[in-house]
Number of protein chains: 2
Amino acid sequence: MAGRTRRPERRQEPLSRESIVSAAVELLDTAGESGLTFRALAERLATGAGAIYWHITGKAELLAAATDAVVAAAVAIEPTDPPGSPQDGIRAVALGLFDAVEEHPWLAAQLATQLPRGPEGTVAPRIFEGIGRQVRALGVPEGGWFTATSALMHYILGAAGQNAANTASAGALGPDVDRTEFLDAVSTAWERLDPDDYPFTRAVADQVRGHDDREQFLAGIGLILAGITAIHSLTP
Amino acid sequence: MAGRTRRPERRQEPLSRESIVSAAVELLDTAGESGLTFRALAERLATGAGAIYWHITGKAELLAAATDAVVAAAVAIEPTDPPGSPQDGIRAVALGLFDAVEEHPWLAAQLATQLPRGPEGTVAPRIFEGIGRQVRALGVPEGGWFTATSALMHYILGAAGQNAANTASAGALGPDVDRTEFLDAVSTAWERLDPDDYPFTRAVADQVRGHDDREQFLAGIGLILAGITAIHSLTP
DNA sequence: GACAATGCTGGAACGCCGTTCCATGCTGGC
DNA sequence: GCCAGCATGGAACGGCGTTCCAGCATTGTC
């Protein structure tokens with residue numbers, strides 16, 4: 001046995017939880033969810049896998065920390081200079097999350113499956129608070145706060161996730177397939193469905209072509225806001 | 001080299017795509033998403049990994065096929081004997097998906113991240129059709145079909161996913177932790193948040209305790225239905 | 001009836017993953 | 001100067017998805 005190889009010099013900047021999480025987010029953004037491996041992370045940080053485990057329990061905690069960091073940044077951009085209407089406030093929070101998921105597609109899976117992760121999780125309250133304050137400002141009576149805020153949160157997470165999945169799906173079709181081509185392909189495929197089994201889907205297939213995702217997303221928010229104001233007899 | 005070991009007898013029932021997918025769903029249901037491995041699947045089918053690959057391209061296709069099978073069964077239970085109101089029809093489809101996700105928690109991740117997967121996917125049209133027919137029956141004008149159906153679908157997928165994640169999270173706290181205890185823990189944790197950062201979340205913490213998930217889910221559906229009828233000036 | 005061609009099977013092997021282990025170096029208190 | 005103990009990083013382990021391929025069963029051809 002020839003013993004261990006020579007020791008490298010000690011690093012100047014010590015490892016830290018933050019630097020690891022930050023590198024993890026970069027890796028997730030550039031290489032996708034499957035690109036975040038401890039080996040790639042160790043290489044990027046010029047260290048070994050064992051050193052990372054000194055600061056982080058495992059991959060689950062790493063993903064949770066990365067999610068928390070990105071969501072915290074996304075919901076922090078609220079305080080519009082002139083306060084604006086509560087409706088606009090909700091739209092701002094919603095778009096912040098929508099854009100965050102679009103920018104970091106790996107977020108969708110985390111928010112869909114890991115959001116609560118025990119009572120200690122800080123991501124869920126962060127989102128809930130951001131939306132809830134605007135619901136309260138809307139004039140919804142206290143008894144309806146939970147229902148209205150939950151409904152908005154679920155819609156936002158669902159729509160943002162589907163949108164991210166669509167974007168990923170378009171990219172998977174080919175690196176140079178743009179959005180228009182992808183929507184066209186989906187629309188065409190839907191038009192070719194069995195007329196007996198899918199009459200409705202065939203009928204709306206044309207509306208898929210060329211629609212704007214953010215616009216559709218906001219239209220859905222508008223639908224829920226209309227429902228909230230109608231049910232609580234608020235002035236819109 | 002001693003050559004391969006003795007050949008086992010040939011199987012009686014031949015492998016088939018359906019039997020593989022069916023075994024995969026059982027494995028997912030009993031052992032969770034991480035329990036579906038080609039080794040476990042091969043053992044359950046009394047075969048080797050290579051034989052499975054003759055029928056299925058890879059794990060992605062296996063998960064897609066399992067998802068398709070379960071969703072198809074979930075949205076197929078529509079035709080209520082007396083036709084009923086379109087609102088009830090939407091609630092029925094929504095609850096069908098909600099319950100399917102609750103029964104198969106692994107569905108949440110699939111629906112959140114893999115739903116469209118190219119124009120060939122059949123899961124998305126299936127869900128879209130199920131909801132959309134009821135939207136049409138509601139009297140929504142054709143221009144609003146796509147927006148209303150999309151909004152409902154996104155809400156349903158988001159809410160069902162969050163609910164499944166909550167259930168999983170409660171189970172992870174301990175095998176004998178029931179729903180009430182879990183909600184209590186979340187509520188207590190939310191009440192202990194910083195009053196300056198989380199005033200709204202603290203205020204609704206008590207409403208978390210003891211709420212019913214299905215009821216909340218339906219309340220959200222009701223909110224969106226109210227919004228649809230209000231925006232299109234329909235008689236509810 | 002003999003024999004090649006083909007369809008399907010299942011076990012071994014490959015490369016990569018998350019995680020654990022541990023010899024080693026560095027640093028602050030004495 | 002010395003020693004505890006924090007921190008490091010590379011090797012090693014078991015398990016994963018996937019690929020490869022030798023061998024049986026069936027079919028088609030003469």
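Bear in mind the structure is a predicted one, so any value in this text is a computation, not a measurement. Every chain is numbered from 1, with letters handed out A, B, ... down the list of sequences.
- Comment: A:Arg209 engages A:Glu191 in a salt bridge, judged by a side-chain N to carboxylate O separation of less than 4.0 angstrom.
- Atoms CG (A:Leu15) and P (D:dG9) sit 6 Å apart, rounded to a whole Å.
- Atom CD1 in A:Ile52 sits about 14 Å away from atom C1' in C:dC17, given to the nearest Å.
- Note: CD (A:Glu33) to P (C:dC17) measures 14 Å, nearest angstrom.
- Atom CG in B:Leu27 sits roughly 11 Å away from atom P in D:dC16 (whole-Å rounding).
- Ring centroids of A:Trp190 and B:Phe128 are separated by less than 6.0 Å, placing the two rings close together.
- For A:Phe217 and A:Tyr155, the gap between ring centers is short of 6.0 Å.
- For the pair B:Leu41 CG and C:dT9 P, the computed distance is 13 Å after rounding to whole Å.
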Pairs: protein N or O with nucleotides 18-21 of chain C N or O, under 3.5 Å:
unit_1, atom_1, unit_2, atom_2, d
C:dG18, OP1, A:Leu36, O, 3.3
C:dG18, OP1, A:Lys59, NZ, 2.5
C:dG18, OP2, A:Phe38, N, 2.9
C:dG18, N7, A:Arg39, NH1, 2.8
C:dG18, O6, A:Arg39, NH2, 2.7
C:dT19, OP2, A:Tyr53, OH, 2.8
C:dT19, OP2, A:Lys59, N, 2.8
C:dT19, O5', A:Tyr53, OH, 3.0

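- Look at CG on A:Leu45: it is 13 Å from P on D:dG10, rounded to the nearest Å.
- Between A:Trp54 atom CH2 and C:dC22 atom P the separation is 15 Å, expressed in whole Å.
- Screening residues 49-74 of chain B for side-chain hydrogen bond (donor to acceptor under 3.5 Å, both in side chains) gives B:Arg17-B:Glu61, B:Thr57-B:Glu61, B:Asp68-B:Thr122, B:Asp68-B:Arg126 as the qualifying pairs, with residues at least two apart or on separate chains.
- Between the side chains of A:Ser19 and A:Ser16, at least one donor-acceptor pair of N or O atoms lies under 3.5 Å.
- Other residues, nucleotides and ligands contribute at most 12 non-hydrogen atoms within 6.0 Å of the CD atom of A:Glu43.
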